[in-house]
Amino acid sequence: MLLLRKLPGMPGWPAALGLRLPQKFLFLLFLSGLLTLCFGALFLLPDSSRFKRLFLPRRAAAGDPDLPRSPPAAAEPRHASPAAPRRLRDKLRAAARLGAPPAHTAASAGGSPQRGQPGAGGAEAGTDSAPAAPRQTRAPFGFDYETFRRSLRHPVLGRGGGEEPETRARRLKIREMMKFAWDNYRRYAFGKNELRPLTKNGHIGNMFGGLRGATIVDALDTLYIMELGEEFQEAKSWVEKSLDLNVNGEASLFEVNIRYVGGLLTTYYLTGEEVFKSKALELGEKLLPAFNTPTGIPRGVINLGSGMSWSWGWASAGSSILAEFGTLHLEFLHLTELSGNPVFTEKVMNIRKVLNRIEKPQGLYPNFLSPVTGNWVQHHVSIGGLGDSFYEYLIKSWLMSDKRDTEAKKMYNDALEAIEKHLVKKSAGGLTYIAEWRGGILDHKMGHLACFSGGMIALGAEQAAEEKKQHYMDLAAEITHTCHESYARSDTKLGPEAFRFDSGTEAVATRLSERYYILRPEVVESYLYMWRLTHDPKYRQWGWEVVKALEKYCRVEAGFSGIRDVYTTTPSHDNMQQSFFLAETLKYLYLLFCDDDVLSLEDWVFNTEAHPLPVNHTNLKAKASVQ
């Protein structure tokens, strides 16, 4: 800058050069731009540059070897993703090491410091007498697993003893079926998503975006609950060594959430093994870009590598599906519980805000909603496919919150009241069923998927007002009876994909496209809930009938297969052992013949893939402590 200084008796140096006023202006403009460029470039130097550290405070130089290091945070800061620029990630990690998380991550680190409290600078602003507090750092967020296990009111696998020999023998038979299904999957399809038992090979499919091992992740908790220890260790080892989440493909947000995220979360809660928690949190982060829509309603399909999302091609006008965006709540609350990152809870609570804001036709929730406008696209209402688990997650959100989520309870009560008023019907033969609603016109059909509703209504009845408890228990029993009839009226004693109540037929599939059975669990799910809540022995007997039918018509040389027609005793097999057969169907059947304290309903809520998630009896977060 000495060159710019004016010497006594001499004109300024631009004048000495004989420059005119416009030329002086242009020259000074050029010089100022050059200086700005030089100093601006300083901030673009790598964080490790020694030259940069001469000018910038040491706190801004990430990776400084002279700074003390503390263990990194358990999870990356909110909104950081694998696609974020490397420099941004480095700076965020450096900030975490220095105990200075960015403002938008303060909540996940245990809350922002308050004035006058440790971590906020010590003394109140404006006071000089108090000595400055030493710099303090916050410990990484942690989940107190031991406190969680102590909060359970019953042992996970029950106390055992006192059962009848027949009950034990039936439970062991179901355990043998699980081992047979697993052994054949391991032999012919290990690492693939599902087993093709007729051709003895694996199936990958296009539903999981390049993820592998769907059967392994889905079966983990079933293997644990059935005490198949060797098989569980095989599955755990595969997750540790081979479950690759860095994939690039089109995935169903819904299916990845309920099967992979749900299965990993449950297995962590059952075992305390960190690998399951870390995989669940990493995968949960990869699902977040699906929520980047004008309304925050997620789209149904996401590329797990790029984060791009879109709606299903078959969904009306690019809409999102009620049963898909409405079936995230349980898992996402637990992702927040384990990570301390509120973004997961914020995403699903925003879905509720959108749903509560828009008008419901006749109080009903249509199946299609635009993620752009937040308006209903079609007035098609179903308690079966496209709608089912949305209603299930309302009552289960309330139960999982230890009955504190009153908003979920109200939404469930209002929805059930509208369903009973407009959709619940009784056939000429006295069978109660739930019809579908298409713009005010009823379709007298009930899908196998809707048969979960008997168990759901029974769960809700336990929490209903006294004057309504028995009414809802009766309704649950009637619907479960109707679903049993759909099984009893087939030649195989297995139920069709959908059954109708028209043209003089009741609880029977009348279309060829609805006669198949793909090892679905919804009917036995309702048997389990009805047994636990009533102890009526018929539900165990009905469950045993299903076991015998599965053994007779679905068991093949190398596993279990769905069948294409339940109305013939020489069925054609579909060559697919679905992952949910191990996750749900066999688990529900096994628990039907267990004591009530095995995965007690006081402690656990099952997600829609039958992965049990714990009721939040207490605050299980290990508070971020001041060090």
Side-chain angles (χ1 to χ4, degrees), residues 192-194 202-219 243-266 279-280 282-293 296-332 335 344 347-348 351 367-371 377 382 384-390 392-393 447 449 452 497 518-522 576-584 607-611:
K192 301 294 194 300
N193 283 328
E194 287 158 321
H203 171 72
I204 295 175
N206 57 5
M207 195 162 48
F208 304 116
L211 295 173
R212 299 289 188 268
T215 291
I216 297 174
V217 178
D218 245 357
L243 179 55
D244 183 10
L245 304 182
N246 295 314
V247 295
N248 188 40
E250 303 173 6
S252 163
L253 173 69
F254 167 77
E255 297 290 353
V256 168
N257 177 62
I258 66 171
R259 300 196 201 201
Y260 283 88
V261 176
L264 292 166
L265 286 172
T266 290
K279 294 281 187 183
E282 182 181 351
L283 188 53
E285 289 277 356
K286 289 178 177 291
L287 300 181
L288 291 175
F291 293 82
N292 294 338
T293 66
I297 298 293
R299 294 187 170 93
V301 186
I302 182 169
N303 185 301
L304 295 175
S306 68
M308 293 182 61
S309 65
W310 54 95
S311 299
W312 293 105
W314 50 264
S316 179
S319 55
S320 296
I321 311 303
L322 180 68
E324 295 193 338
F325 66 76
T327 309
L328 303 166
H329 201 95
L330 304 186
E331 296 83 1
F332 272 49
L335 290 174
F344 299 105
K347 296 296 186 186
V348 292
I351 292 173
N367 293 336
F368 298 97
L369 182 75
S370 169
V377 175
S382 169
L386 306 179
D388 48 6
S389 47
F390 163 71
E392 173 190 358
Y393 271 39
L449 288 166
F452 85 97
E497 181 68 4
I518 57 172
L519 309 175
R520 286 203 187 276
E522 290 77 22
M576 185 66 70
Q577 181 176 280
Q578 305 279 352
S579 81
F580 57 69
F581 178 65
L582 290 78
E584 300 185 74
N607 87 338
T608 200
E609 190 78 2
H611 296 307

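- Sorted by first then second residue, the salt bridge (charged side-chain N to carboxylate O under 4.0 Å, His left out) pairs that include residues 252-262, not counting sequence neighbours, are E194-R259, E255-R259, R259-E609.
- For N206, the CG atom sits in a loose shell: 12 or fewer heavy atoms of surrounding residues, nucleotides or ligands are nearer than 6.0 Å.
- No side-chain heavy atom of F581 sits less than 4.5 Å from a side-chain heavy atom of I518.
- Side-chain contact between D244 and R212 is absent, with no heavy-atom pair separated by less than 4.5 Å.
- With values rounded to the nearest 0.5 angstrom, L283 atom CG is found 10.0 Å from L288 atom CG.
- Atoms CD1 and CH2, on I321 and W312 in that order, are 9.5 Å from each other to the nearest 0.5 Å.
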One pair to check against side-chain contact (heavy atoms from CB on, under 4.5 Å): L582 and Q577. What are the steps and the verdict? CA-CA 9 Å; L582 290 78; Q577 181 176 280; 3.7 Å; yes
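- Interatomic distance, E250 CD to M207 CE, rounded to the nearest 0.5 Å: 13.5 Å.
- Taking the six-membered ring where the residue is Trp, F332 and F291 present tilted rings, their angle falling between 30° and 60°.
- Side chains of F390 and H329 form no contact here, defined as non-hydrogen atoms less than 4.5 Å apart.
- Counting all heavy atoms, side chain and backbone alike, N367 lies closest to G387 at OD1-CA, 3.7 Å.
- Here T293 contributes atom OG1 and F325 contributes atom CZ; the two are 10.5 Å apart, rounded to the nearest 0.5 Å.
- Of all non-hydrogen atoms in F208 and A251, the two that sit nearest each other are C-CB, 3.7 Å.
- Atom CG of L386 sits about 8.0 Å away from atom CD of E324, to the nearest 0.5 Å.
- In terms of heavy-atom proximity, G385 sits nearest to L449 at CA-CD1, 3.7 Å.
- Put simply, the side chain of D218 never gets that close to the backbone of A583: no donor and acceptor are under 3.5 Å apart.
- Residues T608 and F452 form no side-chain contact, since every pair of their non-hydrogen atoms from C-beta on lies 4.5 Å or further apart.
- Looking at L335 and L265, their side chains come closer than 4.5 Å, going by heavy atoms from C-beta outward.
- F368 and S319 get closest at one heavy-atom pair: CD2-OG, 3.2 Å.
- Looking at L304 and L287, their side chains come closer than 4.5 Å, going by heavy atoms from C-beta outward.
- Checking side-chain atoms of K279 against main-chain N and O of L264 turns up no donor-acceptor pair under 3.5 Å.
- In this structure, F254 and S389 have side chains that are in contact, with non-hydrogen atoms separated by less than 4.5 Å.
- Here the closest heavy-atom approach between residue V247 and residue G209 is recorded as CG2-O, 3.2 Å.
- Scanning both residues, E584 and P521, for their nearest heavy atoms gives OE1-CG, 3.4 Å.
- We find the OG1-CD distance between T266 and E331 to be 8.5 Å, quoted to the nearest 0.5 Å.
- Of the possible polar contacts, none joining the N257 side chain to the V261 backbone as a donor-acceptor pair under 3.5 Å is found.
- Put simply, the side chain of P289 reaches to within 4.5 Å of the side chain of I302, judged on heavy atoms.
- With hydrogens and angles ignored, the 3.5 Å screen pairs a side-chain donor or acceptor of T215 with a backbone N or O of N193.
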